[in-house]
Amino acid sequence: PLADRAEALWKTLRNWVDAAEAGALAPDRTRFVLYAPKAQPGQLAQLLVTAKNPTTIGAAIEQLRALGDEAGNAAWQPHARAILAADRTALSQIIGHLEIDTPAGSPSDTLPPLFAAKLISPECLDDSIKWAHGWVKDTIDSLLEKSEPACICYQHFHDALRTFVK
């Protein structure tokens, strides 16, 4: 999912750009995390995630442009064209706040320590994780049905989790 011409990579970037341009996300105050367990980032993804200043962000955008200007009609190319037509300020802010998380283990192994850090007792841990999976799925499904970005604010999730754990 993190290869230079991976549809998932380009579609995710496009969704973020579209959401920023629609005002649904504030790209200057949002962490954009690509979560791809066991994936190996391609050259583009590595360039994007290391771009943290105007010079490196500009270089990342030029690489996006070089790939996006390729001839063809592959599944990723409509997303690339939309990204390149987008507001450069929003795109620059998204790139500057981009992170990639590629854990080596099972995604389900990453949740127990995170939930335990929130002071969830060991006897409630499994039920809390099952609840969270369901809550996230239901929330994302509801957003997608309304054609809204599949983004969950940390504070909303944290508040819902606290309510559940009580």
Side-chain angles (χ1 to χ4, degrees), residues 1-104 106-108 110-111 114 132-161:
L2 298 176
D4 290 358
R5 292 167 185 83
E7 182 182 11
L9 173 62
W10 288 90
K11 186 175 182 180
T12 299
L13 292 172
R14 181 184 182 170
N15 287 340
W16 290 338
V17 167
D18 288 350
E21 288 187 328
L25 293 175
D28 60 329
R29 297 188 317 265
T30 302
R31 285 179 53 211
F32 297 92
V33 181
L34 287 168
Y35 183 76
K38 301 178 186 176
Q40 293 298 317
Q43 203 170 23
L44 175 61
Q46 289 176 344
L47 185 61
L48 292 171
V49 78
T50 58
K52 300 298 177 202
N53 63 55
T55 302
T56 56
I57 290 170
I61 291 173
E62 288 310 309
Q63 183 61 29
L64 286 170
R65 184 165 309 289
L67 288 166
D69 286 343
E70 290 180 359
N73 288 312
W76 61 274
Q77 288 178 305
H79 303 299
R81 291 183 191 102
I83 291 165
L84 295 174
D87 176 63
R88 186 172 170 123
T89 300
L91 179 58
S92 296
Q93 291 172 334
I94 290 167
I95 293 170
H97 292 98
L98 179 65
E99 302 171 25
I100 295 178
D101 187 4
T102 57
S106 167
S108 62
T110 61
L111 288 178
L114 294 173
H133 281 126
W135 186 90
V136 167
K137 182 186 182 323
D138 290 348
T139 301
I140 287 175
D141 287 349
S142 175
L143 291 167
L144 293 174
E145 285 173 6
K146 296 185 250 178
S147 296
E148 294 179 11
C151 301
I152 297 174
C153 173
Y154 170 82
Q155 192 61 50
H156 292 152
F157 174 77
H158 187 262
D159 292 348
L161 177 62

Inter-residue atom distance Ser92.OG - Asp28.CG, 0.5 Å rounding: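 So the gap between those two atoms works out to 12.0 Å.
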CG-CG distance between Leu13 and Leu34, expressed to the nearest 0.5 angstrom: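 Here the rounded value is 6.5 Å.
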Tell me which donor-acceptor pairs under 3.5 Å the side chains of residues 53-64 have, and how far apart each pair is, sequence neighbours excluded?
residue, atom, partner, partner atom, Å
Asn53, OD1, Thr55, N, 3.0
Asn53, OD1, Thr56, N, 2.9
Asn53, OD1, Thr56, OG1, 3.3
Thr56, OG1, Lys52, N, 3.0
Thr56, OG1, Asn53, N, 3.2
Thr56, OG1, Asn53, O, 3.2

Mark yes when over 12 heavy atoms from residues, nucleotides or ligands other than Gln40 sit less than 6.0 Å from its CD; otherwise mark no.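 Counting neighbours around CD of Gln40, 12 or fewer heavy atoms of other residues, nucleotides or ligands fall under 6.0 Å, so no.
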Look at atom CD of Gln43 and say whether more than 12 heavy atoms of other residues, nucleotides or ligands are closer to it than 6.0 Å.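 Result for CD/Gln43: open.
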Could you go through the side chain to side chain contact (heavy atoms under 4.5 Å, CB included) check for Trp135 and Ile152 one step at a time? CA-CA 11 Å; Trp135 186 90; Ile152 297 174; 3.7 Å; yes
Measure from the side-chain N and O atoms of [X] to the backbone N and O of [Y], and report whether any donor-acceptor pair falls under 3.5 Å.
X: His97; Y: Pro27; value: yes
X: Trp16; Y: Leu91; value: no
X: His158; Y: Tyr154; value: no

Taking all non-hydrogen atoms of both residues into account, name the closest pair between Arg81 and Gly68 and its distance.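 Heavy atoms of Arg81 and Gly68 come nearest at CG-O, 4.5 Å.
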Leu98: which of Thr12, Val33, Leu48 passes side-chain contact (heavy atoms from CB on, under 4.5 Å):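 Result for side-chain contact (heavy atoms from CB on, under 4.5 Å) with Leu98: Leu48.
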For the residue pair Gln155 / Asp159, report whether a side-chain donor-acceptor contact shorter than 3.5 Å exists.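 There is such a pair (donor and acceptor under 3.5 Å, judged by atom type) between the side chains of Asp159 and Gln155.
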